[in-house]
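Only heavy atoms go into these numbers, but all of them, side chains included; no hydrogens, no water, no symmetry mates.
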Amino acid sequence: SEQRKRLLGFLTLNDSPRGYAHGSEKWFKYFREAYDVDTHSSNTLWVDFLVADEEYAVETIQTLLMTIYDTLPSVDYIIMNLDSPDDKAAITFDTLPAPVIAEGSDASDDFSVMTYKLSARESLIPTLNIRSACVEDHDDLVPIFDQQSEVLSSNYGDFFLAEMIAAQDSSNKALVSLNKDDRACGLMAISDDVELSMLQTCFHLESYDYLCKIPEDETYDQLAVTGKVSDDDDLKGLDIPDEEEKEEEKEADAVSAAAGTEPPRIIIAGAPASGKGTQCEMLVEKYDVVHLSTGDMLRAAVAEGTEVGLQAKEVMEAGELVPDELITKIIVERLAQPDCQSKGWLLDGFPRTKAQADSLKENGIVPHVFLLLNVPDDDIV
């Protein structure tokens with residue numbers, strides 16, 4: 001549900017039928033004879049245990065099966081053998097007719113009295129053929145595109161797909177996927193004619209030299225320092241950092257230097273509307289630290305029913321302010337948890353007084369960096 005996560009299904013598989021750990025090869029032989037399905041030990045698994053929430057049974061079981069097929073590409077079939085034909089957990093499997101035992105077969109009685117349900121990869125993840133697109137694929141593709149959005153047709157015309165496919169050359173290619181009826185059901189357009197400046201503007205490409213071949217006698221760092229860009233066409237789109245960006249990088253480097261090899265410990269303070277929330281989001285994104293506010297920690301402690309949480313609850317229900325000593329205990333407990341120890345933390349809005357700061361220090365809580373957003377009152381909205 002949206003409110004909380006809960007277990008909706010559970011599936012275990014085996015390489016042999018449930019209840020028959022030995023002799024699985026014989027069962028595969030019996031199964032091939034009875035149903036003419038090419039099952040063998042290398043492409044088939046047997047359901048050992050399956051349960052699903054009744055409300056979401058179909059979606060849950062389909063997701064479990066598709067995960068198996070995605071994870072194990074060699075598996076083509078999943079079989080469930082049942083003592084009884086009525087099994088609600090197998091509603092997404094195809095129920096097979098009673099096995100027909102050929103005359104002279106050595107199939108056991110156990111095999112012939114079972115009910116079988118089969119899941120085939122093709123039923124959930126159909127195999128698609130791929131080929132180069134041709135103009136005739138237009139009629140198959142337009143309804144698919146319009147189902148997603150009619151904006152393309154309205155902006156580029158009813159025959160934009162046909163025109164794009166017809167315009168293929170050495171730099172632009174189009175591929176289509178075909179369904180079992182040999183009709184186009186998907187399109188991929190590929191081009192080496194790329195507008196680098198757009199990509200450089202929209203994505204963080206520093207690690208890839210901005211998709212450019214930097215001149216042999218220069219590096220991106222040198223370009224950033226000098227602010228000069230070569231006349232090379234590939235480099236014209238490079239976004240050289242301005243002075244403000246360089247200052248932000250220096251501040252980030254200061255945090256990293258202060259933390260060293262340890263997970264960062266950061267405290268941030270600032271007046272309301274000083275932009276503290278925005279800065280917290282940026283710090284969490286850059287350093288992947290745990291963002292903690294006293295309000296959230298206090299509510300969590302009360303909800304979890306911890307000793308200090310229950311003490312704080314009594315104080316709040318009495319209409320009194322939670323004392324600094326109690327808040328400090330809640331913070332110390334939270335900072336000692338594994339996620340804060342391994343990732344580091346960002347403490348938001350605490351301490352606010354010297355007494356609170358002293359209480360943190362007494363408990364061994366010392367940040368690497370204290371960030372104060374000193375915004376003039378006239379600039380705060």
Side-chain angles (χ1 to χ4, degrees), residues 1-130 177-181 185-186 338-339 342:
S1 65
E2 295 181 359
Q3 290 76 22
R4 62 188 181 90
K5 294 181 179 179
R6 60 190 178 96
L7 188 65
L8 296 178
F10 184 77
L11 169 67
T12 61
L13 300 166
N14 210 328
D15 57 1
S16 59
R18 182 175 57 177
Y20 299 88
H22 303 289
S24 60
E25 287 298 335
K26 290 185 178 180
W27 279 71
F28 284 122
K29 174 177 174 290
Y30 303 154
F31 201 89
R32 288 193 297 270
E33 291 175 352
Y35 297 109
D36 193 26
V37 178
D38 186 25
T39 58
H40 45 81
S41 58
S42 61
N43 76 341
T44 305
L45 291 173
W46 298 79
V47 174
D48 203 40
F49 181 82
L50 172 60
V51 64
D53 185 290
E54 187 171 353
E55 183 179 356
Y56 302 100
V58 174
E59 299 91 336
T60 299
I61 298 176
Q62 283 183 345
T63 302
L64 289 170
L65 295 176
M66 290 183 70
T67 301
I68 297 299
Y69 291 133
D70 284 336
T71 308
L72 303 173
S74 62
V75 174
D76 294 322
Y77 302 102
I78 297 175
I79 305 173
M80 176 181 285
N81 61 306
L82 307 169
D83 297 324
S84 168
D86 182 19
D87 192 311
K88 293 181 180 178
I91 55 179
T92 58
F93 287 70
D94 293 327
T95 301
L96 300 178
V100 178
I101 308 301
E103 186 176 349
S105 172
D106 61 347
S108 66
D109 292 338
D110 288 344
F111 176 82
S112 60
V113 299
M114 287 284 182
T115 296
Y116 297 95
K117 292 181 179 287
L118 177 71
S119 169
R121 172 186 290 274
E122 281 291 321
S123 65
L124 292 176
I125 310 177
T127 300
L128 300 177
N129 294 318
I130 306 295
S177 57
L178 306 176
N179 60 22
K180 61 182 180 180
D181 297 322
C185 60
D339 58 342
S342 62

Steps toward side chain to side chain contact (heavy atoms under 4.5 Å, CB included) verdict (L13, V75): CA-CA 12 Å; L13 300 166; V75 174; over 6 Å; no
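- Annotation: side chain of I78 is not in contact with side chain of M80 (no heavy-atom distance under 4.5 Å).
- The structure places CD1 of I130 at 7.0 Å from CG of L178, a figure rounded to the nearest 0.5 Å.
- The nearest pair of heavy atoms linking L96 to F31 is CD1-CZ, 3.5 Å.
- The line from CG of D15 to CG of D48 is 10.0 Å long, rounded to the nearest 0.5 Å.
- S177 contributes atom OG, which lies 9.5 Å from atom CG of N129 (distance to the nearest 0.5 angstrom).
- Counting heavy atoms from C-beta on, the side chains of I79 and W27 never come closer than 4.5 Å.
- Heavy-atom neighbours of D181 CG from other residues, nucleotides or ligands within 6.0 Å: above the threshold of 12.
- Among all heavy-atom pairs drawn from A57 and A52, the shortest one is CA-CB, 4.1 Å.
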Which atom pairs, donor and acceptor, lie under 3.5 Å between side-chain atoms of residues 58-65 and protein residues at least two apart or in another chain?
{"from": "T60", "atom 1": "OG1", "to": "Y56", "atom 2": "O", "distance (Å)": "2.7"}
{"from": "T63", "atom 1": "OG1", "to": "E59", "atom 2": "O", "distance (Å)": "2.7"}

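- With hydrogens and angles ignored, the 3.5 Å screen pairs a side-chain donor or acceptor of Y35 with a backbone N or O of P97.
- Considering OG1 of T39 and CG of L118, their distance stands at 8.5 Å, rounded to 0.5 Å.
- No side-chain heavy atom of P126 sits less than 4.5 Å from a side-chain heavy atom of N179.
- Taken to the nearest 0.5 Å, the SG atom of C185 stands 5.0 Å off from the CG atom of L128.
- Applying the salt bridge (Lys or Arg N to Asp or Glu O under 4.0 Å) test to pairs two or more places apart or on separate chains, those with a residue in residues 72-82 are D76-R121.
- The aromatic rings of F28 and W46 sit tilted relative to each other, their planes meeting at an angle between 30° and 60°.
- Between atom OG of residue S119 and atom CG of residue L45 there is a gap of 10.5 Å, rounded to the nearest 0.5 Å.
- In this structure, N43 contributes its side chain and D38 its backbone to a donor-acceptor pair below 3.5 Å.
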V37/Y116 under side chain to side chain contact (heavy atoms under 4.5 Å, CB included): CA gap, chis, key distance, verdict: CA-CA 13 Å; V37 178; Y116 297 95; over 6 Å; no
